[in-house]
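Okay, structure first, notes after.
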Amino acid sequence: MPLLQIKNMSHDFGGLRAVNNYNLEIEPGQIRGLIGPNGAGKTTIFNLVSGIYSPTEGDILLNGKSLVGLKPYQIAAMGLGRTFQNLRLWRHMTVLEHVKMARYSKINYGLLGAFFGTPKRIREEAEIEEKAHSLLKLVGVADLADQIILNLPYGAQRRVEMARALATEPKILFLDEPTAGMNPEELKQMMDIIRRVHRELGLAIFLIEHRLKVVMELCEIIQTLVFGEVIAEGSSEEIQNDPKVIEAYLGKETIL
Amino acid sequence: MQINNSLSPEKKTFASRIRNSFAQLPLLAWLCGVLGAVLLERYLGDPLTELLGLPKIPALFGAVTILKKPQLIPGTVAFLFLIYAVPILVIPRLFGSILNRLVGRLFHLSPAMSVAIHLGLLYLILSLWADVSGYRLLTLKLTLIAIIVTLSLNVINGYMGEFSCSHPGFLALGAYTASVFTLFFFVDDKVFGAAFLPKFLGPFLFPIALILGGIVAAIGAIAIAIPSFRTRGDYLAIISLAFMFIVKSIIENLEFVRGPRGLSSQPNYVDLPTVFIWTVAAVWIINNFVRSTTGKALNAVRDDEMAADAMTVNTRRTKIVAFLFAAFWAGVAGGLFAHVLRYVNPGTFSIQKLAEVLAMVYFGGLNSVYGSIVGAVSLSLLGEALRPLEIFKWIIIPLLLILVMIFRPTGLIAFKDFDVMKLISPKEKS
Ligand SMILES: Nc1ncnc2c1ncn2[C@@H]1O[C@H](COP(=O)(O)OP(=O)(O)OP(=O)(O)O)[C@@H](O)[C@H]1O
Ligand SMILES: [Mg+2]
């Protein structure tokens, strides 16, 4: 059984069909890529799967259980972690607090612990903190743990967002343009982090990218989305040589 | 911060030197300094007022005397300097390093004991200070209650970042519930007839009255929370404002609590230790909550709700729980309030009360326990001190608020964690 299965999913924004008859199957531990020009509907697919929108048609199954109609926090707790295209961070919180927060659904001390500082709460908070530190180390920002997030440079903020998504203990991680706006140095580091995360945590990754170079290097299978429809699917070679993909990307510098 | 930049360099180093010497003294040293001051006032206050030609010990740091009789200004200033400034500045300096070692020893022995000692000392200071006059005692009690009210509203308006106007309504629910409870069970009066239970039980069962008040306020809060937090959007401000007016007019029309005439002769259960203990409990529990990961979820919801949702935070539940929690404490504060004044009427819980509480929250600082304490204490005392100015009081206080909003839009001490362990730990020499 595939880890994530999307069947004939469509979504309309008013009269605009943003996603049309979309299908996807991801096996555990696989890295998949999704490319496509601006406005193709890539982020919409992420938002549909993570529960921000509800699909007009079709079904989404995670481990065989349908996600349609569930709230984002429930879907996240079931093992779907994600980052956002335009960073969504909590401006008054520290780096460590960001990662700790993503453990919310795994907290067992209840309101009693929250109000009275019971031993159970103290123990659990310490565990959460340790876990958060290890994730921050994994993405290479452990030394910034106590900084307010806004004081961090952009690249580091992206890494914190990644660590935060990992703290939800996802089985599959959705990354929406993780290298957007990065210089070549930061880009290379981010790709290393994605590889490291994949290797060490053994999770499946679904990656949206604008830069073909990144998806080509990281992903086993790539889909190309144009106007809400998949026009090509296959290995990076196949995609690269597909005339429809070349046409869709014609005149764009982003190609290679 | 901006002000520091405009200072000349030597002044800046002077200021920072002072700040450094302050920072090196443990909290215990300051408490000892203030204790010295209140003791000095207790034993030398009267002879000194005679010597300086003052009619009596200035009740609220001489503000009333100064405003009413300007010719007494020099005497009042001299009094304040000798009784307050000298011991508070001298004692911490003299005994600072000894006390710092003591604090260190205590901290390693048992932080809980250290907290208890600090609180005991604080209580001693407050009770000695309030002992001078009944007016001081009343002001102190109302100030402590204002801390609970302000902090609980800060949970909603600061930590959660919504705008709620319902606090006077919660206060009213708590005040009336607790009053009806004590009047019915422990008082022979015209409204509820003879006491139902032996009167000596009253003080022991009074916590139940307060908790019931809190629970009723929280139940009232459900009526706001369910429609307001169903969807994203700014319904809360309007619904909570309506709630405040509805509660007031319902009580006005309830004959069994004597409508607009209000309830009086509540038993005298709320002495200083009672208010002090409830205030400490409220600050402790609320601070525990807002510093837990469960409570920090409020900040996440405020700063980016979509991200909170995607990080497994049940945003609706988070908001509702926090809202009811805040209403509960406002209800408790209302019960205390009714038993301090021993009289309540619905008119107390109107838009003016709302303005007062909102001012304390925004003046003191959003998302901060320190801020709420500072806001509640400073505006309570200022409100009393400026009383002789009558109508001008209502010009000066709003002006002050506007100034704070201009220079510090989130309040004096905003977004600061209240870390008790750090507060009671010994200070390192820099
Ligand atoms: N909330 C919304 N309401 C209405 N239309 C929307 C909404 N979100 C997206 N759209 C539209 O749906 C289409 C797909 O948008 P989407 O953000 O999914 O594109 P994308 O592939 O992620 O593009 P980009 O590469 O720029 O991020 C666009 O035409 C966009 O304008
Ligand atoms: Mg997008």
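Every chain is numbered from 1 and lettered A, B, ... according to where its sequence line falls, protein lines coming before strand lines.
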Counting heavy-atom pairs under 4.5 angstrom with chain B, the leader among A/K100, A/E97, A/R82 is A/E97
The interface call for B/V290 against chain A, heavy-atom contacts under 4.5 Å, is neither
If one checks every heavy atom of A/F84 against chain B at 4.5 Å, the contacting part turns out to be side chain
Would you say the ring centroid of B/Y159 lies under 6.0 angstrom from that of B/F289? no
So, the part of A/L111 with a heavy atom under 4.5 Å from chain B: the answer is side chain
Check your understanding: Stepwise, does the side-chain contact (heavy atoms from CB on, under 4.5 Å) test hold for B/H118 with B/L122?
Key -> CA-CA 6 Å; B/H118 280 85; B/L122 179 63; over 6 Å; no
Modelled atom types, side-chain donor and acceptor of A/T179 and A/E209, under 3.5 Å
yes
If you draw the axis of the six-membered ring of A/W90, does the NZ or CZ of A/R164 fall within 45° of it and under 6.0 Å from the ring centre?
-> yes
